[in-house]
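Ligands are counted one by one from 1 in listed order, and the atoms in each one are counted from 1 as well. No hydrogens, no waters, no symmetry mates; every other heavy atom, side chains included, goes into these values.
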Amino acid sequence: MTKTIQAIRGMNDYLPSDTSVYQYVENRIKKVLLSYGFSEIRLPVIEPTILFTHAIGDITDVVEKEMYTFNDRRGKSVTLRPEGTAGCVRAGISNGLLYNQEQRLWYMGPMFRYERPQKGRYRQFYQIGAEIFGLQGPDIDADLIMMTARFWKILGISDCIHLELNSIGSLESRKHYNHAIIRLLEKNVQVLDEDCKRRMYSNPLRVLDTKNPAIQALLDNIPPIKNYLDDESYEHFNKLCRLLDITGISYHVNQRLVRGLDYYNNTVFEWVTNSLGAQGTICAGGRYDCLVKLLGGRHTPAIGFAIGLERLVLLVQKTFPEITKPQSIDLYLIAVGKGTEHAMLLLSENLRNELPELKIIQNFGGGNFRKQFSRAHKYGARFVLILGESEIAHHHCIIKNLCNGKQQIVPLSQASYIIRLLLNISKK
Ligand code: ATP
Ligand code: MG
């Protein structure tokens with residue numbers, strides 16, 4: 001017997017019962033993005049490896065442990081994208097989108113990270129991300145964060161998600177902070193795990209990201225990063241906080257928030273929920289003013305975020321369990337008897353022309369009335385339209401409401417008009 005082929009671990013199939021919720025969430029987010037003047041950009045899922053090692057940083061979880069990297073047939077190292085910002089910046093530079101202009105771009109698609117699969121953490125997952133290029137003030141940071149707050153509002157989940165905010169300062173000011181971290185870690189090497197030992201010199205800030213409780217306790221002893229911010233970064237963060245205060249967006253300043261990728265500076269933020277267990281970060285982002293130059297463009301200030309769609313959908317489903325209900329159809333077409341199949345094909349064409357917004361399924365594969373009715377029920381149809389030999393002879397059909405059992409005989413020429421009335425649809 002042939003063994004059935006399984007999907008790769010951590011890579012999911014998204015079944016119709018899931019995709020309806022994904023579409024619901026994605027469509028609402030896209031509407032808000034459009035209203036803020038963002039345009040969509042579609043990017044390759046596979047890029048030269050160097051793009052990610054360079055942009056994300058060698059000493060990060062993503063580059064060290066999580067990338068799907070392999071050689072193509074010519075021996076060139078390529079990587080399945082683990083995130084969207086690097087590719088977006090690459091595309092922006094090579095297509096001349098960034099020089100001396102503002103850009104507001106959004107993207108959506110699969111990302112790939114070789115992680116241990118668990119609830120809310122997969123090896124292929126989807127992100128919706130947005131990037132703004134060419135603006136550097138704290139006002140645009142506030143605008144972007146307010147837009148994300150609007151996503152949660154229109155999805156009805158504002159009450160179960162909160163904002164964590166921090167500034168990690170300029171690259172320069174971070175050097176001083178790194179020294180302070182190294183000094184503390186050197187005094188406590190015995191507490192450190194392998195990851196932190198390796199990172200303490202190459203990327204000390206990353207140690208703040210540790211999930212190891214013993215090291216977290218140790219880190220309580222270093223002064224907060226805000227004590228090390230240069231004047232400009234300090235002022236930027238203060239202004240951002242003030243703008244969020246004015247607009248009523250609550251936030252928690254989290255001095256430990258440094259984000260997992262190297263390219264951030266100044267503003268960093270995460271929207272976190274307590275409802276999904278360990279995988280609580282739904283949306284994460286920050287400012288990355290040096291990345292465009294690092295990847296070969298002119299200096300261009302930038303800020304962006306990415307939403308993990310699986311986690312967002314889990315949260316929406318948890319808040320509104322009824323949303324997962326399978327979608328019902330409006331009308332099921334039943335035909336029994338000689339010549340009725342042809343007549344039904346013509347009628348269904350006519351109904352689809354007249355009522356393009358309706359979900360209509362026509363019975364195929366024959367069967368008696370009972371069988372066809374049971375199929376209609378399986379589809380959750382609201383109405384059935386019945387065509388038998390006698391109906392055809394009299395140029396009419398029967399329309400039955402499956403919710404209350406009421407039925408009526410209707411002239412064929414008026415079928416679409418009556419269905420429109422019954423379903424309470426206005427003519428466009
Ligand atoms: P985490 O700390 O949970 O690993 P991260 O800092 O690595 O997250 P980012 O690179 O900031 O994540 O990605 C942005 C968002 O993408 C995350 O907040 C999360 O919602 C989602 N995300 C990241 N990795 C995964 C994954 N393996 N599976 C599902 N969603 C993910
Ligand atoms: Mg991660």
Side-chain angles (χ1 to χ4, degrees), residues 8-12 14 18 22 25-26 29 45 52-53 55-57 59-68 79-89 106-131 144-145 148 151-152 155 157 160-166 168 195 199 203 205-212 216 254 256-264 267-288 291 303-318:
I8 295 171
R9 197 164 116 82
M11 308 221 170
N12 298 315
Y14 296 74
D18 304 314
Y22 276 81
V25 169
E26 290 159 11
I29 289 182
V45 294
F52 302 114
T53 51
I56 297 171
I59 318 295
T60 54
D61 274 352
V62 171
V63 169
E64 283 184 317
K65 305 178 198 163
E66 298 172 359
M67 292 207 305
Y68 276 90
T79 295
L80 292 179
R81 63 179 182 193
E83 56 97 58
T85 303
C88 188
V89 171
W106 72 268
Y107 57 82
M108 186 177 82
M111 306 294 159
F112 304 84
R113 296 187 193 179
Y114 196 82
E115 300 198 72
R116 192 169 69 77
Q118 52 200 294
K119 186 179 162 207
R121 191 176 294 284
Y122 313 101
R123 292 183 175 172
Q124 175 175 331
F125 61 98
Y126 285 73
Q127 285 186 339
I128 290 191
E131 319 286 353
L144 191 76
I145 290 172
T148 52
F151 296 155
W152 323 138
L155 289 169
I157 54 167
C160 31
I161 188 163
H162 65 273
L163 176 62
E164 304 262 314
L165 190 65
N166 196 17
I168 55 170
D195 259 358
R199 288 173 178 189
N203 198 345
L205 199 67
R206 215 35 359 98
V207 178
L208 264 63
D209 230 9
T210 179
K211 306 221 158 79
N212 181 328
Q216 277 181 351
N254 176 354
R256 288 281 176 79
L257 187 67
V258 290
R259 310 280 306 107
L261 318 176
D262 262 5
Y263 50 61
Y264 289 107
T267 312
V268 288
F269 64 93
E270 287 189 358
W271 285 96
V272 183
T273 180
N274 296 325
S275 310
L276 296 182
Q279 272 57 251
T281 306
I282 303 284
C283 167
R287 180 159 280 287
Y288 53 94
L291 186 59
I303 181 166
F305 65 80
I307 297 170
L309 263 176
E310 287 76 5
R311 294 184 194 177
L312 179 57
V313 164
L314 280 171
L315 184 59
V316 169
Q317 281 172 325
K318 189 157 188 211

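Not less than 6.0 angstrom separates the ring centroid of Tyr126 from the ring centroid of Tyr22.
Taking 4.0 Å as the cut-off between side-chain N and carboxylate O, Glu64 and Arg206 do not count as a salt-bridged pair. The pair Asp61-Lys211 fails the salt-bridge criterion, with no side-chain N (NZ, NE, NH1 or NH2) lying under 4.0 Å from an Asp/Glu carboxylate O.
Taking both residues in full, the closest heavy atoms of Val63 and Phe52 are given as CG2-O, 3.8 Å, listed atom of the first, atom of the second, then distance.
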Quick check on ligand 1: any N or O pairs to the protein under 3.5 Å? One line per pair.
residue: ligand 1; atom: 3 (O); partner: Arg121; partner atom: NH2; Å: 3.0
residue: ligand 1; atom: 3 (O); partner: Arg311; partner atom: NH1; Å: 3.1
residue: ligand 1; atom: 3 (O); partner: Arg311; partner atom: NH2; Å: 3.1
residue: ligand 1; atom: 4 (O); partner: Arg121; partner atom: NH1; Å: 2.8
residue: ligand 1; atom: 4 (O); partner: Arg121; partner atom: NH2; Å: 3.3
residue: ligand 1; atom: 6 (O); partner: Arg259; partner atom: NH1; Å: 3.4
residue: ligand 1; atom: 7 (O); partner: Arg113; partner atom: NH1; Å: 2.9
residue: ligand 1; atom: 10 (O); partner: Arg113; partner atom: NH1; Å: 3.1
residue: ligand 1; atom: 10 (O); partner: Arg113; partner atom: NH2; Å: 2.7
residue: ligand 1; atom: 11 (O); partner: Arg259; partner atom: NH1; Å: 3.4
residue: ligand 1; atom: 11 (O); partner: Arg259; partner atom: NH2; Å: 2.4
residue: ligand 1; atom: 13 (O); partner: Gln127; partner atom: NE2; Å: 3.1
residue: ligand 1; atom: 16 (O); partner: Gln127; partner atom: NE2; Å: 3.0
residue: ligand 1; atom: 18 (O); partner: Thr281; partner atom: O; Å: 3.2
residue: ligand 1; atom: 20 (O); partner: Thr281; partner atom: O; Å: 2.8
residue: ligand 1; atom: 20 (O); partner: Ile282; partner atom: O; Å: 3.4
residue: ligand 1; atom: 20 (O); partner: Gly308; partner atom: N; Å: 3.4
residue: ligand 1; atom: 27 (N); partner: Glu115; partner atom: OE2; Å: 2.6
residue: ligand 1; atom: 27 (N); partner: Tyr122; partner atom: O; Å: 2.9
residue: ligand 1; atom: 28 (N); partner: Tyr122; partner atom: N; Å: 3.0

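Here the CD1 atom belonging to Ile303 is positioned 5.0 Å from the CG atom belonging to Leu144, to the nearest 0.5 angstrom.
Legend: residues meeting ring-ring contact (aromatic ring centres under 6.0 Å, His included) with Tyr263, ordered by chain and number and at least two apart, are Tyr288.
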